[in-house]
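Take a look at the structure set out below.
Note on naming: letters A, B, ... go to the chains in the order of the sequence lines (proteins, then strands), and numbering restarts at 1 for each one. Bear in mind that the values here come from a model prediction, so they are computed numbers and not experimental data.
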Amino acid sequence: MQGTRDFYPDKMRWRNWLFETCRRVSQLYGYEEYDGPFLEYLDLYAAKSGEELVNEQTYTFESRGGEKLAIRPEMTPTLARMVAAKQNELRKPIRWFTIPNVWRYERPQRGRKREFYQYNIDLLGVESVEAEAEVLAVVVEIMQALGLGKGEFVIRINNRYYLEALLGELGIDVSKKDAVFREIDRIEKLKPEVFRANLSEAGLTDEQVNGLETSLREKNFGEYPALKTLWEKFEQYGISDYVEFDPSIVRGLLYYTGTVFEVWDPSKKFNRAIMGGGRYDNLVTALGGQPLPAVGIAFSDVTIEEMLTQQGKMPNLPREIDVYVAFYSANEKPTAIKIASELRQTGLKTELNILDNSLDKQLKAANNSGARYAIIVAPDELARGEVNVKDLQQREQKAVKIEDLAKILKG
RNA sequence: GUGCCCAUAGCUCAAUUGGUUAGAGCACUGGUCUGUGGAACCAGGGGUUGUGGGUUCAAGUCCCAUUGGGCACCCCA
């Protein structure tokens, strides 16, 4: 089906590697994994996600009972719903992460599918921007663990309140905010004259357009308190090299308040955000909870794969097992089965030859299995209570007592 | 949802521009090697050219539809 993928074992190894890396780093910071249902009531998204996301990109249908349901297009509303439902009994601050599959009805292209896996990390219950700093520190560490270092990704950060203040200083009326934000969000894609023309059309004076353009190009937040504090925290967390202030970052989701951020490939070979996130202090309230400030960020397996591919950083992850058990003839097979069972009991990943083919073929199969060692059960050695152990990398072989086998294989 | 580009063996690509039976490298299988794997040599399997129609004496090649992939919008991870 369009925009979906089959994960054959070769690809599944990569996905597992990615997920395990995300889990490991998240847990290092005390974050706990959660999950929710694949389906939600459509109403959950209707209020607060982006209009286009809900109306045009969400898979919706009616259940047999006539309820309007949606396949989750994102995870944050589910998270907010879950938190609101048990708000009083949850230990705070809430540090959670998840890696759900989500669906969006869009035209697929590079870095964009219809079904994808989305790592989400969220920190709820912290009002100060220290929350932003910690969440981004986790993100930086995940990127590093995936093989991306300094200069290979950049987190671009803005604050919507800062942007609103800027509009205020320029005397731009609040009623024009949405239209102006929209143009600001696209400034990098637009030619300067188009940007200016669009703003004029939105009702800005030439003076306001010039002032806005100058401020956006300056990339300097001055003394704006929330951003100043945030940068101090970046320093303390040691991630200053990975962040940059960019007043043109706005983002489309309606629920963001204050800080917003996106992760980009600095080489721009991949010309879309790899990750996106920000602060959403009102979402839990909107879903019936008590006020609870929150920060979160998400990325998908699809965009990360594209990023790693562009940077030549896709890892080589060959199939790996410990032992391949081969045998000389059908007479030795029962013994081979027994030996394989014993090896598995000791925790060694053991693949047993299950066909009745020649030793020649078996060793070839052993080589292709990814096994470090091959065990060869053969009559002469068996008579002495031994089997041959072949190191498939060193190409060396020696006979060892069967009872010593596991110990020797475990090094 | 709009516009455009692409589709040949498992993979990467050929096919004298509409003309015999669609080829090559790599990969795969078997053999040279009857108690031992990555080399070399030899041989072999594998395709209704994404799918379905149409034009033509003749279609991988031209036309239409459809499916999938990509690019630009839109949006976004």
Side-chain angles (χ1 to χ4, degrees), chain A residues 1-6 8 10 18 22 49-58 72-76 98-121 139 182 185-186 189-190 194 249-254 256 260-265 270-278 296-307 318 324-329 331-332 353 357-383 387-399:
Chain A
M1 204 204 303
Q2 192 178 11
T4 64
R5 292 166 293 166
D6 296 326
Y8 290 84
D10 281 349
L18 174 68
C22 294
S49 301
E51 243 174 82
E52 172 147 359
L53 179 62
V54 177
N55 296 335
E56 291 170 48
Q57 299 180 351
T58 297
R72 57 188 177 194
E74 58 160 337
M75 201 59 180
T76 309
T98 186
I99 317 175
N101 58 335
V102 296
W103 288 72
R104 293 183 191 174
Y105 191 78
E106 291 189 274
R107 286 272 290 264
Q109 46 186 266
R110 181 167 15 121
R112 177 203 285 181
K113 306 283 179 198
R114 284 184 165 179
E115 183 192 29
F116 56 95
Y117 291 83
Q118 194 186 48
Y119 167 81
N120 287 250
I121 179 165
V139 160
R182 205 180 127 69
D185 200 25
R186 300 201 297 158
K189 285 192 167 182
L190 298 176
V194 176
I249 301 290
V250 178
R251 301 199 54 72
L253 295 180
L254 298 176
Y256 287 124
V260 284
F261 28 71
E262 292 182 345
V263 177
W264 284 73
D265 166 12
F270 188 54
N271 61 349
R272 275 181 41 221
I274 313 298
M275 305 187 197
I297 185 166
F299 66 84
S300 81
D301 66 317
V302 182
T303 50
I304 281 292
E305 179 178 2
E306 190 55 37
M307 180 82 157
Y324 186 96
V325 178
F327 46 86
Y328 173 62
S329 76
N331 290 335
E332 290 74 34
N353 176 49
N357 50 8
S358 69
L359 197 49
D360 187 61
K361 294 283 183 302
Q362 293 183 61
L363 282 165
K364 204 167 183 186
N367 195 49
N368 290 332
S369 75
R372 177 70 209 277
Y373 296 102
I375 303 295
I376 303 163
V377 185
D380 293 352
E381 291 81 353
L382 209 50
V387 293
N388 285 321
V389 175
K390 190 165 193 127
D391 184 323
L392 291 166
Q393 282 165 26
Q394 308 297 324
R395 314 200 77 180
E396 287 165 357
Q397 177 177 315
K398 62 183 173 184

- Note on the structure: In whole angstroms, the gap separating P of B/C74 from CZ of A/R104 amounts to 17 Å
All N/O contacts under 3.5 Å from nucleotides 26-35 of chain B to the protein, with atom names and distances to one decimal?
{"residue": "B/G31", "atom": "OP2", "partner": "A/K361", "partner atom": "NZ", "Å": "2.8"}
{"residue": "B/G35", "atom": "OP2", "partner": "A/Y328", "partner atom": "OH", "Å": "2.4"}
{"residue": "B/G35", "atom": "O6", "partner": "A/D380", "partner atom": "N", "Å": "3.3"}
{"residue": "B/G35", "atom": "O6", "partner": "A/D380", "partner atom": "OD1", "Å": "3.1"}
{"residue": "B/G35", "atom": "O6", "partner": "A/D380", "partner atom": "OD2", "Å": "2.6"}
{"residue": "B/G35", "atom": "N1", "partner": "A/E381", "partner atom": "OE1", "Å": "3.0"}
{"residue": "B/G35", "atom": "N2", "partner": "A/E381", "partner atom": "OE1", "Å": "3.2"}
{"residue": "B/G35", "atom": "N2", "partner": "A/E381", "partner atom": "OE2", "Å": "2.9"}
{"residue": "B/G35", "atom": "N2", "partner": "A/N388", "partner atom": "ND2", "Å": "3.0"}

- First of A/F116 and A/R107 reached from the 5' end of RNA chain B, by closest nucleotide: A/R107
- Would you please name every residue forming a salt bridge (Lys or Arg N to Asp or Glu O under 4.0 Å) with A/R251, sequence neighbours left out? A/E262
- Task: Take the protein atom CZ of A/R251 and the nucleotide atom C1' of B/C76, then report the distance between them rounded to whole Å.
- Result: 7 Å
- Task: Sort out the partner of B/G25 for me: Watson-Crick or G-U wobble, both distances under 3.5 Å, none otherwise.
- Result: B/C11
- Item | P atoms of B/G45 and B/U36, separation to the nearest Å | 29 Å
- Message: Between P on B/C76 and CZ on A/R114, what's the gap in Å once rounded to a whole number?
- Response: 17 Å
- Pick base, sugar-phosphate or nothing for A/G3, based on heavy-atom distances below 4.0 Å to the nucleic acid. sugar-phosphate
- Message: Over all strands shown, is A/Q118 touching base, sugar-phosphate only, or nothing at heavy-atom distances under 4.0 angstrom?
- Response: sugar-phosphate
- Query: Using purine N1 to pyrimidine N3 plus N6-O4 or O6-N4 for Watson-Crick, or N1-O2 and O6-N3 for G-U wobble, each under 3.5 Å, what pairs with B/G1?
  - Reply: B/C73
- Query: When all nucleic acid strands are considered with a 4.0 Å heavy-atom cut-off, which category describes A/I274: base, sugar-phosphate, or nothing?
  - Reply: sugar-phosphate
- Task: For A/Q393, answer base if it contacts any base atom (sugar-phosphate contacts may also be present), sugar-phosphate if it contacts only those atoms, and nothing otherwise; contact means non-hydrogen atoms under 4.0 Å.
- Result: base
- Taking the P atom of each, how far is B/G52 from B/U61, in whole Å? 13 Å
- Calculate the interatomic distance between A/N101 atom CG and B/A77 atom P; express it in whole Å. 16 Å
- A/D185 near the nucleic acid: base, sugar-phosphate alone, or nothing, with a heavy-atom cut-off under 4.0 Å? nothing
- Query: In whole angstroms, how far is the C1' atom of B/G68 from the CG atom of A/D6?
  - Reply: 13 Å
- Task: Return no unless some side-chain N or O of A/R272 is found under 4.0 Å from OP1 or OP2 of B/A77.
- Result: no
- Query: With sugar-phosphate meaning primed atoms plus P, OP1 and OP2, does A/A273 contact a base, only sugar-phosphate, or nothing at under 4.0 Å between heavy atoms?
  - Reply: sugar-phosphate
